[in-house]
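We count residues from 1, following the sequence as given.
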Amino acid sequence: MDRNQSRRQIAAMKQSLFDQGLLDEQFIQLEELQDDANPNFVEEIVTLHYRDSSRLISSIEQALKERNPLDFNKLDTLMHQFKGSSSSIGAKKVKAECNLFREYCRAGNAEGCMRSFQQLKKEYAALRKKLEAYFQLARQAGPQETACRSK
C-alpha cells in the first residue's frame with residue numbers, strides 16, 4: 001500500500017470513529033500534541049487509559065457485587081474517576097454511559113446501574129478494539145501519518 005493510500009485509509013478510519021459517535025474533539029486535541037519527538041504520544045496515552053481503566057472496571061464490578069445494600073456513593077466516586085479518564089482520550093459514548101450510570105447512582109437505582117454498566121463495558125470494548133486497529137494501521141504507515149488531521 002502506498003503512503004497516500006495509507007493516509008486516506010487512516011483518515012477514513014478516524015472519521016468513522018467520529019461519525020459513529022465513539023470519539024469527540026478531545027482526541028483531535030491529543031493528536032495535535034503529538035510531534036516528531038514523540039510520534040506515538042496518543043497511542044501511549046490511550047494505552048495508559050486502558051491500563052488504568054481496567055482497574056477501575058474491576059473495582060466497579062466488585063462494588064456492584066456487594067449488594068446489601070449497594071454503596072452508591074462509592075460507585076459514583078469510582079465512575080467519576082472512570083469518566084475523567086475516558087474524557088481525557090475523547091471517548092464520547094463511554095463518557096455518556098458514565099453520566100447515565102452516575103445518574104442512576106444519584107437516584108439509588110441498582111438495576112439501572114447494572115444495565116448501564118453492562119452497556120458501558122460494551123462501548124468500552126468496542127472503542128478499544130477500533131482504536132487498536134487504528135493505531136496498528138498508523139504504525140504501519142509511519143509516524144508522519146499518525147498526527148494527520150482529517151478535514
Once rounded to the nearest 0.5 Å, what's the spacing between atom [atom1] of [X] and atom [atom2] of [Y]?
| X | Y | atom1 | atom2 | result |
| --- | --- | --- | --- | --- |
| L33 | Q29 | CG | CD | 8.0 Å |
| D24 | L17 | CG | CG | 12.0 Å |
| N4 | Q9 | CG | CD | 13.0 Å |
| N99 | H80 | CG | NE2 | 10.5 Å |
| C113 | R106 | SG | CZ | 10.5 Å |
| L78 | I57 | CG | CD1 | 11.5 Å |

Nearest heavy-atom neighbours spanning [X] and [Y]:
| X | Y | answer |
| --- | --- | --- |
| L75 | C105 | CB-SG, 3.7 Å |
| D36 | P39 | O-CD, 3.4 Å |
| L131 | F27 | CD2-CE1, 4.0 Å |
| A138 | I10 | CA-CD1, 3.8 Å |

Any donor-acceptor pair under 3.5 Å linking the side chain of S59 with the backbone of R55? yes
Hey, does the side chain of S88 reach the backbone of S85 with a donor-acceptor pair shorter than 3.5 angstrom? yes
Stepwise, does the salt bridge (charged side-chain N to carboxylate O under 4.0 Å, His left out) test hold for E97 with K122? CA-CA 10 Å; E97 208 56 54; K122 287 179 190 172; over 6 Å; no
Lys/Arg-Asp/Glu bridge criterion (N-O < 4.0 Å) met for K65, E61: no
Pairwise side-chain contact, [X] with [Y], heavy-atom cut-off 4.5 Å (strictly under):
| X | Y | value |
| --- | --- | --- |
| L23 | L127 | yes |
| T47 | E43 | yes |
| Y104 | M114 | no |
| Q34 | N40 | no |
| K14 | Y134 | yes |
| Q26 | L30 | yes |
| K92 | L22 | no |
| F18 | I28 | yes |

With side chain to side chain contact (heavy atoms under 4.5 Å, CB included) as the criterion, how do S54 and R128 come out once you've worked through the C-alpha distance, each side chain's angles and the decisive distance to 0.1 Å? CA-CA 11 Å; S54 294; R128 183 177 194 163; 4.0 Å; yes
[X] side chain to [Y] side chain, donor-acceptor N/O pair below 3.5 angstrom:
| X | Y | result |
| --- | --- | --- |
| Q15 | D19 | yes |
| Q140 | S6 | no |
| Q119 | E123 | yes |
| K93 | Q20 | no |

Chi angles and distances behind the side chain to side chain contact (heavy atoms under 4.5 Å, CB included) call for N38, E44: CA-CA 10 Å; N38 196 352; E44 290 168 8; 3.6 Å; yes
Do you reckon L100 sits in the same ILVMFWY cluster as M79, going by side-chain contacts under 4.5 Å, direct or chained? no
Could you check F117, Y50, F101, Y124 and say which one makes a ring pair (Phe, Tyr, Trp, His ring centres under 6.0 Å) with F82? Y124
Please report the C-alpha distance between Q62 and S58 in whole Å, then the side-chain angles of each, then the deciding distance to 0.1 Å, and finally whether the side chain to side chain contact (heavy atoms under 4.5 Å, CB included) criterion is met. CA-CA 6 Å; Q62 188 60 40; S58 294; over 6 Å; no
